[in-house]
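Working notes, structure below.
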Amino acid sequence: MIKLSRLLTGSALIASIFMSTALFAQEPVKGGTLVIGSTQKPRHLNPAVQSGIATAVPGAQIFATPLRFDAEWNPQPYLAESWKVSDDGKSITLQLRAGAKFHDGKPITSRDVAFSVKTVKENHPFKTMFAPVSSVDTPDDLTAIINFESAHPAALLAMSSALLPILPEHIYGDGQDPKSHPANNNTVGSGPFMLSEFKPGEHIILKKNPDYFIDGQPYLDRIIIKNYKDVTSLVLATDKGEVDMAPFMTSTRDLARLKKNDDLEITNKGYAAVGPVNWLAFNTKHDILKDKKVRQAIAYAIDRDFIVNALHGGFSSPVTGPIVSGSPFAAPDVNTYALDLDKANALLDEAGYPVGDDGTRFTLKLDYIPGFAEMQKTVAEYLRPQLKKAGINVELRASPDFPTWAKRVGGHDFDMSMDIVFNWGDPVIGVHRTYLCNNIRPGVIWSNTQSYCNEKVDALLEQAGVETDKAKRAEFYRQAQALIVDDAPLAFINELPYHTIYNKKVGNAPVTIWGTMAPLDDVYKAQ
Amino acid sequence: MLLLTVLRRLLYSAILVVAVLVLNFLLIHLAPGDPADVIAGEMGGATQEILDSIRKTYGLDQPLYVQLWVYLKNAATGDLGQSYFYNVPVLDLIISRTGATLLLVFTALGFAIVTGTFLGVLASYKPTGLISNLVTVLSVVGYAAPIFWTGIMLIILFASVLPIFPISNMYDVTKDVGPIGHVMDVLHHLVLPAFTLGIVYLAQYSRLTRASMLEILGSDYIRTARAKGVSERQIYARHALRNAILPIITIAGLQFGSIVSGAVLVETVFNWPGLGTLAFDSILARDYPTILGILFFSAVIVIMANLITDLLYRFADPRIGAQK
C-alpha cells in the first residue's frame with residue numbers, strides 16, 4: 001500500500017514535471033492577433049526621421065534594420081546576415097541577405113542601405129549616431145561598406161532596433177523632404193509586418209508580411225496597436241483582457257494592481273537599451289547652484305531608498321550615475337550620495353549659506369515634467385519637505401503642459417528641475433549630449449540644459465566614443481562618470497520602472513535590450 | 001424676403017468666422033512652447049539644426065503677422081494647412097473625425113430632446129405628484145453634475161461592476177464583424193458617451209418643458225379647447241405641446257455650441273475619436289493648424305445650427321414669418 005502511494009506520488013511528480021516542461025517547451029503557435037495597448041500616439045511611422053517610443057514600436061515591425069541585439073547586448077544578424085568591423089574600426093562591411101524584399105516586392109539592395117544611412121544621418125534627431133560617416137560604398141547589390149572618419153563603436157547599436165530602418169530608395173528617393181514625406185503615413189518597409197491601417201491617434205493595424213526574409217516567421221497574423229487616452233483607461237483595458245500586451249508601463253500603483261491578475265505576467269526586462277533615468281537637474285549658472293558644494297549637499301539630502309520603496313512601491317530602482325545599471329558601461333563604484341543630512345548641512349555651511357532666522361538658508365524653484373506624476377510631481381513634492389531639513393526652501397513651479405515645461409528648461413529658465421532622460425543604448429547616442437561643453441544650446445530640450453562644462457569629462461567622453469576595445473571604452477566611461485557624479489550637475493534619483501504587462505497566452509515576450517522596439521517576429525499567442 | 005435674411009445672416013457669419021480665426025490664432029500663440037518643442041519632446045531630444053528645420057518647414061520662423069496672413073489667405077481658398085503633429089492635411093484629419101462628433105452630438109441631442117420633453121410633459125400632468133417630483137430631482141442632479149464627473153462615474157460602474165457597455169473608443173478594432181455588426185458595435189459604444197452628454201441637456205429640457213407646459217395649460221385658449229370638449233390627449237399633444245416646444249427648439253439651437261464643447265469633454269473621457277479628442281491632443285501638441293481648423297469648423301457648425309434654428313422656429317410658429 002505504501003509502495004503504491006509512493007508510486008502514485010512519484011508518478012504524479014514525474015507527470016507534473018513533464019507537463020510543466022511541455023508547457024515551457026510549447027511550440028510557437030501560428031496565427032492570431034496580438035493587441036498592444038499604448039498611450040503613445042505616433043506622429044507618423046518612419047523611424048528614420050523620428051525617434052521616440054511611439055514611432056519605434058510600430059516602426060521596428062514595419063522596417064527591418066541591418067542588425068538586432070539579444071538580451072545580453074550582443075549584435076545578431078538580421079537584414080545583414082554577417083558584418084565585419086575593420087581592424088582600425090573605421091569601416092563596417094555589411095553582407096545583406098539574398099532575396100530579401102520590401103513589402104512592395106522590390107528587392108533590397110546595398111543602395112537602399114546607403115540611402116538609409118544618408119537619410120538618418122541628415123534627418124534623425126540623434127545626430128551622433130552616424131555623424132562620423134564619411135561614405136557608404138556599394139561594391140555589389142548585397143555588400144554595403146560604411147566608412148567613418150574615425151572609429152565609431154556606437155555604430156553597431158545604431159544599426160539595430162528602429163534606429164536605422166532600411167528605407168526603399170525607390171519610394172523615398174524622389175527628392176521630397178523625408179521629414180514630411182507622404183509615405184511616412186503609408187510606409188513600405190521589409191520588416192515582419194506590413195502596414196494595413198494607420199488612424200492617427202486611434203490605432204495602427206499591422207498584418208503579417210508573407211514574404212518576410214526569415215522563413216516561418218512571423219508567427220502572428222496581425223498586430224494591432226490601440227491608443228488609449230491615458231494610463232488609467234489602458235490599465236482598465238489590460239485588466240479586462242482587451243489588450244494582450246501593454247509595454248512601457250510605469251505607474252507603480254497600477255503595476256501593483258495588475259500583478260494580482262492571474263491572467264497577466266509582468267516583467268521589467270526589455271528596457272536595458274532605453275535606459276530611462278529620472279533625475280534632479282541643476283542650473284549650474286544659477287547664483288547659488290553654481291557652487292558644487294551646494295549641488296552635492298542637495299544630492300546628500302535625498303533619500304533614494306524612500307523614493308524607490310515608499311513612493312514607487314519598490315518597482316523602481318536607484319540610479320547612481322549617468323549610465324543605467326543594465327548597460328555594459330555602467331559604473332557602480334561611483335559616489336552614491338547615500339542619505340547624509342549632517343554632511344549636507346556641513347557642505348552648505350562651508351559654501352557660505354548659514355541657516356537664517358527663519359530656519360532656511362535660501363529658496364530655490366523646482367520644476368517638473370507634467371503628466372508623469374509618480375516619477376516627477378510626487379518626487380518633487382517629496383523634495384520640498386526633505387530639502388527643508390537641510391535648510392533649503394523649495395518652491396514648486398507647475399507647468400500646465402509639456403511644451404511649457406520644455407520652454408522653461410530648454411530655455412535655461414529654471415533653478416532645479418525634475419527630468420527624465422533616456423540613455424538610448426550606446427552612451428554616444430543618449431548620454432554624451434547631457435554633459436558635453438559644446439552641447440549647451442539654449443532652446444534645445446535634452447541638450448546640456450544644466451550648462452555643465454568640465455573639459456576633463458569632455459576629453460574622456462571623446463576618447464570613449466572612438467575606442468574600439470570594449471574594456472578600455474568602459475574604463476573611460478567609468479572615469480568620466482566618477483567626475484560627473486562628483487561635479488553633481490544632476491542628482492541621480494532612479495531608473496524609471498518600465499514594465500511590460502502581457503497576457504499569459506503570449507509566448508516569447510519581447511525581453512531583448514530593445515523590448516517591443518525590436519521586431520516581434522518570434523512572438524506568438526496561444527489560442 | 002427669407003432669402004435676403006439668410007444672405008444677411010451668412011455675411012455676418014463669415015465676418016464672425018474670420019474674427020474667431022484671428023482671435024484663436026493669437027490666443028494659441030500666447031501659450032508657451034511651440035510645435036518644434038513638442039516634436040523634439042516626442043523624439044526624446046533633438047539638435048538645434050533639427051529644431052530650426054522643423055520651424056522653417058512649418059513657417060514658424062516667420063513673424064506672427066506673416067504667419068497669420070498666410071494662414072488666412074490659405075484658409076480663404078479652403079486650404080487649412082498641414083498638421084504639424086500628424087503630418088497630414090488638416091482638412092483630411094477634420095473630415096475623418098467629424099462623423100464621430102456629429103454622431104455623438106446628434107444622438108445626445110435627440111436623446112435629450114425626446115426624453116426631456118416626454119418627462120416634462122409627464123411631470124406637467126400632476127405638478128405636485130410623485131413623477132413630477134422625481135423629474136425635478138433628476139433634473140437638478142443631471143444639471144448639477146459636471147459632464148466629466150458623470151462620465152467617470154459611468155466608466156467606473158460599467159468597467160467593473162456592470163460590464164455591459166464598452167467604456168472607451170468608438171468601435172472594437174480587434175473585431176472583424178462585417179458592416180451590420182460594425183454598426184451595432186458603434187451603437188453599443190455610443191450608449192455611454194451619448195447618455196453622458198445628453199443627460200445635462202435632458203435635465204434642462206425636462207424642466208423647461210414642465211414649466212412651459214404648466215404655463216400654457218393655464219392659458220385661455222386651452223380652457224376654451226377644454227370647454228369645446230377636446231380630449232385631454234388632443235389638448236396636450238396638439239395645442240399645448242406644440243407651443244411649449246418652441247422654447248426647447250430655441251434653447252437647443254442656441255445650446256448647440258455648448259453641446260459641441262461638451263462633446264470635447266465627453267470624447268476625451270471616453271476616448272471617442274471625434275473632433276474633441278483631436279482638439280485636446282492638438283492643443284497639447286501646439287498643432288496650430290489643426291486647432292484653428294477645428295475651431296473654424298466648429299464655428300461654422302454652430303453658426304449653421306443657429307441659422308437652422310431660426311428657420312425651424314419659423315416653421316413651428318408661422319407668426320414669425322408672417323410678421324415680416
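Chain A is the first sequence line, chain B the second, and so forth, proteins listed ahead of strands; every chain is numbered from 1.
- For a heavy-atom cut-off of 4.5 Å, chain A lies close to B/Asn87, B/Val88, B/Arg97 in residues 87-112 of chain B.
- Formation of a donor-acceptor pair under 3.5 Å by the A/Asp401 side chain with backbone atoms of B/Ile283 is not found in this model.
- The two residues A/Leu236 and B/Ile167 make their nearest non-hydrogen contact at CD1-CD1, 3.9 Å.
- The interface of residues 178-187 of chain A with chain B, defined by heavy-atom distances below 4.5 Å, comprises A/Lys179, A/Ser180, A/His181, A/Asn184, A/Asn185.
- The part of A/Ile205 that comes within reach of chain B is its side chain, from C-beta onward, which places non-hydrogen atoms under 4.5 angstrom from that chain.
- With a 4.5 Å cut-off on non-hydrogen atoms, B/Ile155 touches chain A through its side chain but not through its backbone.
- Within a 6.0 Å sphere centred on NZ of A/Lys118, other residues, nucleotides and ligands contribute 12 heavy atoms or fewer.
- Interface check for chain B: of the options A/Thr55, A/Asn123, A/Thr232, A/Val444, the most heavy-atom pairs under 4.5 Å are formed by A/Val444.
- The NZ atom of B/Lys175 sits 13.5 Å away from the OG1 atom of A/Thr33 when rounded to the nearest 0.5 Å.
- Side-chain contact between A/Ile445 and B/Asp37: absent, with no pair of heavy atoms (C-beta onward) separated by less than 4.5 Å.
- With rounding to the nearest 0.5 angstrom, the NZ atom of A/Lys41 is 9.0 Å from the CG atom of B/Leu284.
- You'll find the side chain of B/Thr277 stays beyond 4.5 Å of the side chain of A/Lys229, heavy atoms only.
- In this structure, B/Phe148 has no ring pair (Phe, Tyr, Trp, His ring centres under 6.0 Å) partners at least two apart in sequence or on a different chain.
- Ranked by heavy-atom pairs under 4.5 Å with chain B, the list A/Glu197, A/Glu202, A/Arg441 is led by A/Glu202.
- Interface residue B/Asn271: backbone and side-chain heavy atoms are both found under 4.5 Å from chain A.
- Every residue meeting the side chain to side chain contact (heavy atoms under 4.5 Å, CB included) condition with B/Asp61, not counting sequence neighbours, appears here in chain and number order: B/Lys56.
- Atoms OH and CZ, from B/Tyr86 and A/Arg43 in turn, are 10.5 Å apart once rounded to the nearest 0.5 Å.
- Taking CZ from B/Arg286 and NZ from A/Lys407, the interatomic distance works out to 10.0 Å, rounded to the nearest 0.5 Å.
- Only the side chain of B/Ser168 comes within less than 4.5 Å of a heavy atom in chain A; its backbone stays farther off.
- The line from CG of B/Asn169 to NE2 of A/His203 is 9.5 Å long, rounded to the nearest 0.5 Å.
- Contacts between A/Val421 and chain B at a heavy-atom distance below 4.5 Å are absent for every atom of the residue.
- Of the listed residues (B/Phe280, B/Phe270, B/Tyr171), the greatest number of heavy-atom pairs within a distance under 4.5 Å of chain A belongs to B/Tyr171.
- In this structure, chain B has a heavy atom under 4.5 Å from the side chain of A/Asp177, while its backbone stays farther away.
- Here the straight-line distance linking atom OG of B/Ser53 with atom CD of A/Glu122 works out to 11.0 Å at 0.5 Å rounding.
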